[in-house]
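Here's the structure, in structure tokens; my notes come after.
Counting convention: from 1, in listed order, for ligands and their atoms alike. The shown structure was predicted, so the numbers you read here are calculated from the model rather than taken from an experiment.
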Amino acid sequence: MPALVLLGAQWGDEGKGKATDLLGGSVDYVVRYQGGNNAGHTVVVGDQKYALHLLPSGILSPGCVPVIGNGVVVDPAVLLSELSGLAERGVDTSKLLISGNAHLITPYHTTMDKVTERFLGKRKIGTTGRGIGPTYADKINRVGIRVQDLFDESILTQKVEAALDQKNQILAKLYNRRAIAVEQVVEELLGYTDALRGYVCDTTLLLNDALDEGKVVLFEGGQGTLLDVDHGTYPFVTSSNPTAGGACTGAGVGPTRINRVIGILKAYTTRVGAGPFPTELFDEDGDKLRTIGGERGVTTGRDRRCGWFDAVIARYATRVNGLTDFFLTKLDVLTGWERIPVCVAYEIDGRRVEELPYSQTDFHHAKPVYEMLPGWSEDISGAKEFSDLPKNAQAYVKALEEMSGAPISAIGVGPGRDETIQINSFL
Ligand code: IMP
């Protein structure tokens with residue numbers, strides 16, 4: 001089982017860092033295939049807590065090679081500061097590999113992200129402000145700057161000129177901002193060249209060779225299924241493809257090479273930024289989930305919107321990703337509720353709907369249809385086997401599994417590396 005994809009089955013922040021890290025020991029390569037430093041993984045190792053934004057979580061597992069694939073957008077300043085922060089804490093970062101085809105987030109992308117959001121006013125997406133959308137827009141528009149451009153000053157200068165040509169007009173005439181000087185951007189980017197050179201290689205060739213040799217490769221998605229630019233709640237999405245297909249395009253491996261697709265699923269639901277969220281809670285239950293679950297963004301520090309588990313979304317994630325397994329996280333957060341509502345379907349204009357509606361109008365009108373499941377009050381953080389869980393917690397997991405359409409192969413019962421119940425092996 002050498003190639004696995006691990007991705008968020010909801011709106012991101014499902015606890016992927018923990019899942020990837022858990023597998024890290026048995027994995028040879030951990031590859032990020034999309035997104036950038038809009039992501040946020042918290043990984044707890046022993047008494048140490050690490051917040052990673054751009055680097056694959058495999059960087060914390062000795063023996064594992066972390067890879068930033070071509071589908072990722074890289075802010076070089078953030079990358080270097082994340083690397084030096086880890087090195088200061090004694091983490092070996094020398095194995096990192098970066099695709100020369102990954103696109104660079106430059107200061108003008110971050111500026112564009114912020115001014116366009118401001119310009120949207122009430123209709124804003126609530127982006128992380130990290131320049132993600134504008135960088136992907138330039139990539140698709142064929143005016144992006146790639147990591148490999150850092151190694152050819154003449155090409156870099158031409159490309160920055162081409163990119164800023166239009167952007168400066170927009171910045172000055174539409175947004176009333178100062179134009180950005182080409183020389184200034186080129187100089188800043190060239191300042192990263194020496195520090196990055198040693199990490200850059202043809203990651204597509206390397207990963208395909210690794211798979212040929214039977215090595216275990218884990219493709220780690222950022223964000224989540226419902227934030228996918230094609231399959232998510234557009235336009236309230238990120239600008240890349242966190243869904244399973246994105247692993248192929250974003251790392252340069254064919255779909256026939258992927259053996260397993262694991263969806264990370266929180267035992268309840270959260271979302272940051274704007275956009276529809278049928279099971280969102282505005283009462284004290286929502287506050288309680290937020291407090292107990294520590295639902296505050298790793299990247300932005302924003303409070304996450306919280307709600308009950310939504311099985312319609314989980315089924316959709318199974319479908320669009322071809323999920324083979326789920327990793328259910330944060331089950332411990334639900335300890336202490338007498339009854340736990342689970343959304344099993346939606347009511348849309350008087351009709352019961354079992355599958356995620358393709359129409360945004362319908363989705364905006366969707367009201368959750370809840371089934372009440374009995375809760376539990378016992379501390380479950382020490383559970384090592386499924387049978388260690390209280391009967392009602394077992395029933396909750398089984399009910400979710402049945403509704404969601406793929407086996408739950410692991411359960412997180414606390415933030416630590418060891419606080420996991422493994423039911424089926426992922427390898
Ligand atoms: P962007 O990715 O910064 O363009 O933001 C687009 C949308 O995706 C916003 O609603 C963000 O809050 C959301 N988003 C981006 N990255 C993450 C993440 O890692 N977790 C959860 N939401 C995210």
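Counting non-hydrogen atoms of other residues, nucleotides and ligands closer than 6.0 Å to NZ of K95 gives a total above 12. Around CD of E347, the count of heavy atoms belonging to other residues, nucleotides or ligands within 6.0 Å exceeds 12.
Of all atoms in ligand 1, listed by their number and element, those nearer than 4.0 Å to a heavy atom of I125 are 10 (O). Using a 4.0 Å cut-off to heavy atoms of G273, the atoms of ligand 1 that qualify are 10 (O), 12 (O).
Residue, atom and distance of the protein heavy atom nearest to atom 3 (O) of ligand 1 are T128 OG1, 2.5 Å. Q223 CG, 3.5 Å is the protein heavy atom nearest to atom 17 (C) of ligand 1. Among all protein heavy atoms, the one lying closest to atom 5 (O) of ligand 1 is T127 CA, 3.3 Å. Closest to atom 11 (C) of ligand 1 among all protein heavy atoms lies G126 O, 3.6 Å. When hydrogens are left out, the protein atom nearest atom 21 (C) of ligand 1 is D13 OD2, 3.0 Å; that is the closest non-hydrogen contact.
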*For L331 and W376, what are the C-alpha separation, side-chain angles and deciding distance, and is it a side chain to side chain contact (heavy atoms under 4.5 Å, CB included)?*
CA-CA 11 Å; L331 185 64; W376 60 91; 3.7 Å; yes
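For the pair F151/V200, a side-chain contact is recorded, criterion being any heavy-atom separation below 4.5 Å from C-beta on.
Heavy atoms of R130 stay at 4.0 angstrom or farther from ligand 1. Within the structure, the closest approach of G222 to ligand 1 does not fall below 4.0 Å when heavy atoms are considered. Not a single heavy atom of D113 sits closer than 4.0 Å to an atom of ligand 1. Note on ligand 1: R302 sits in its first shell, one or more heavy atoms being nearer than 4.0 Å.
Using a 4.0 Å cut-off between heavy atoms, L227 contacts ligand 1 through its side chain alone, with no backbone atom that close. By the criterion of a heavy-atom distance under 4.0 Å, the backbone of W11, and not its side chain, is placed next to ligand 1.
By heavy-atom distance, the residue among N38, V272, I132 lying nearest atom 19 (O) of ligand 1 is N38. Summarising the contacts of atom 1 (P) of ligand 1 with T238, V237, V73, the nearest heavy atom is found in T238.
Here the shortest heavy-atom pairing between I264 and A19 reads CD1-CB, 3.6 Å. Residue N70 comes nearest to G252 through the heavy atom pair OD1-N, 3.7 Å, listed as atom of the first residue, atom of the second, then distance. Across all their heavy atoms, D113 and G131 have their closest contact at OD2-N, 2.8 Å.
Exactly one residue among K266, R290, R305 makes a side chain to side chain donor-acceptor pair (under 3.5 Å) with E295. That residue is K266. Partner of W11 under the ring pair (Phe, Tyr, Trp, His ring centres under 6.0 Å) criterion, out of Y316, F236, F277: F277 alone.
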